[in-house]
Visitor: 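I have a structure here, written as structure tokens, and I will follow up with some questions on it.
One-based numbering along the sequence shown.
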Amino acid sequence: VAEIARGEPGVEPVYSARWAEQDRYVARTPLMRFPDTVDVLVLGRGEGRSTLAIYSRSQIGYGDFGANRRRIERWLQRIGEAAERPAS
């Protein structure tokens, strides 16, 4: 997850709880640099399995024109692709 977040322009980590596998990022919009908060939680589901909870929300304004939903969908797609790659 951290690798995917670092690959996104305008995204910076602001909190990491390694004991809980939880991270928080601030993603700034390209044009106005408004901050969006992205929370990620990895939940273990037994040996070799896990699931992921991602919540992205705007901190300023009333609407985001779907930017947070698109971000989550993009991250999930990239995380899925990374998970399918053989471990090196």
Visitor: Do you reckon Val40 sits in the same ILVMFWY cluster as Tyr15, going by side-chain contacts under 4.5 Å, direct or chained?
Guide: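 No, Val40 does not connect to Tyr15 through the hydrophobic network.
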
Visitor: For residues Val26 and Pro35, report the shortest heavy-atom separation together with the two atoms involved.
Guide: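 That would be CG1-CB, 3.9 Å.
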
Visitor: Step by step, would you call Leu43 with Glu21 a side-chain contact (heavy atoms from CB on, under 4.5 Å)?
Guide: CA-CA 7 Å; Leu43 302 161; Glu21 295 295 329; over 6 Å; no

Visitor: Between Asp36 and Ser56, is there a side-chain donor-acceptor contact under 3.5 Å, judged purely by atom types and distance?
Guide: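 No pair is found: no donor N or O on one side chain lies under 3.5 Å from an acceptor on the other.
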
Visitor: Check residues 78-87 and write down every donor-acceptor pair under 3.5 Å in which the side-chain atom is one partner and the other belongs to a residue at least two apart or another chain.
Guide:
{"unit_1": "Arg78", "atom_1": "NH1", "unit_2": "Glu8", "atom_2": "OE2", "d": "2.5"}
{"unit_1": "Glu81", "atom_1": "OE2", "unit_2": "Gln77", "atom_2": "NE2", "d": "2.8"}
{"unit_1": "Arg85", "atom_1": "NH2", "unit_2": "Glu3", "atom_2": "OE2", "d": "3.4"}

Visitor: Do Tyr25 and Phe34 share a hydrophobic cluster, counting only Ile, Leu, Val, Met, Phe, Trp and Tyr and linking them when any side-chain heavy atoms are less than 4.5 Å apart?
Guide: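 Looking at the clustering, Phe34 is in a separate group from Tyr25.
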
Visitor: First locate atom OG1 of Thr37, then atom CG of Asn68, and finally report the distance between them rounded to the nearest 0.5 Å.
Guide: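 Between Thr37 OG1 and Asn68 CG, I get 9.0 Å after rounding to 0.5 Å.
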
Visitor: Verify the cluster assignment for Val11 and Leu76: are they in a single hydrophobic cluster under the rule of side-chain heavy atoms below 4.5 Å apart?
Guide: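 Yes, because Val11 and Leu76 connect within a single hydrophobic cluster, where side-chain heavy atoms sit under 4.5 Å apart.
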
Visitor: Return the minimal non-hydrogen interatomic distance between Ala17 and Asp23, and the atom names on each side.
Guide: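 Of all heavy-atom pairs spanning Ala17 and Asp23, the closest is N-OD1, 4.3 Å.
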
Visitor: For side-chain contact (heavy atoms from CB on, under 4.5 Å), just list the numbers for Val38 and Trp75, CA-CA rounded to whole Å, side-chain angles, deciding distance to a tenth of an Å, and then say yes or no.
Guide: CA-CA 11 Å; Val38 185; Trp75 285 29; 3.7 Å; yes

Visitor: Calculate, to the nearest 0.5 Å, the distance between atoms CG and OH belonging to Leu41 and Tyr55 respectively.
Guide: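 Interatomic distance, Leu41 CG to Tyr55 OH, rounded to 0.5 Å: 14.5 Å.
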
Visitor: Any salt bridge (charged side-chain N to carboxylate O under 4.0 Å, His left out) involving residues 49-66? Give me the pairs, sequence neighbours left out, ordered by first then second residue.
Guide: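 Every pair satisfying salt bridge (charged side-chain N to carboxylate O under 4.0 Å, His left out) with a residue in residues 49-66: Asp39-Arg57.
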
Visitor: Counting only heavy atoms not in Arg69, do more than 12 sit closer than 6.0 Å to its CZ atom?
Guide: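 Counting other residues, nucleotides and ligands, CZ of Arg69 stays at 12 neighbours or fewer.
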
Visitor: Between Arg28 (side chain) and Arg33 (backbone), is there a donor-acceptor pair under 3.5 Å?
Guide: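 Side chain of Arg28 to backbone of Arg33: a pair is present.
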
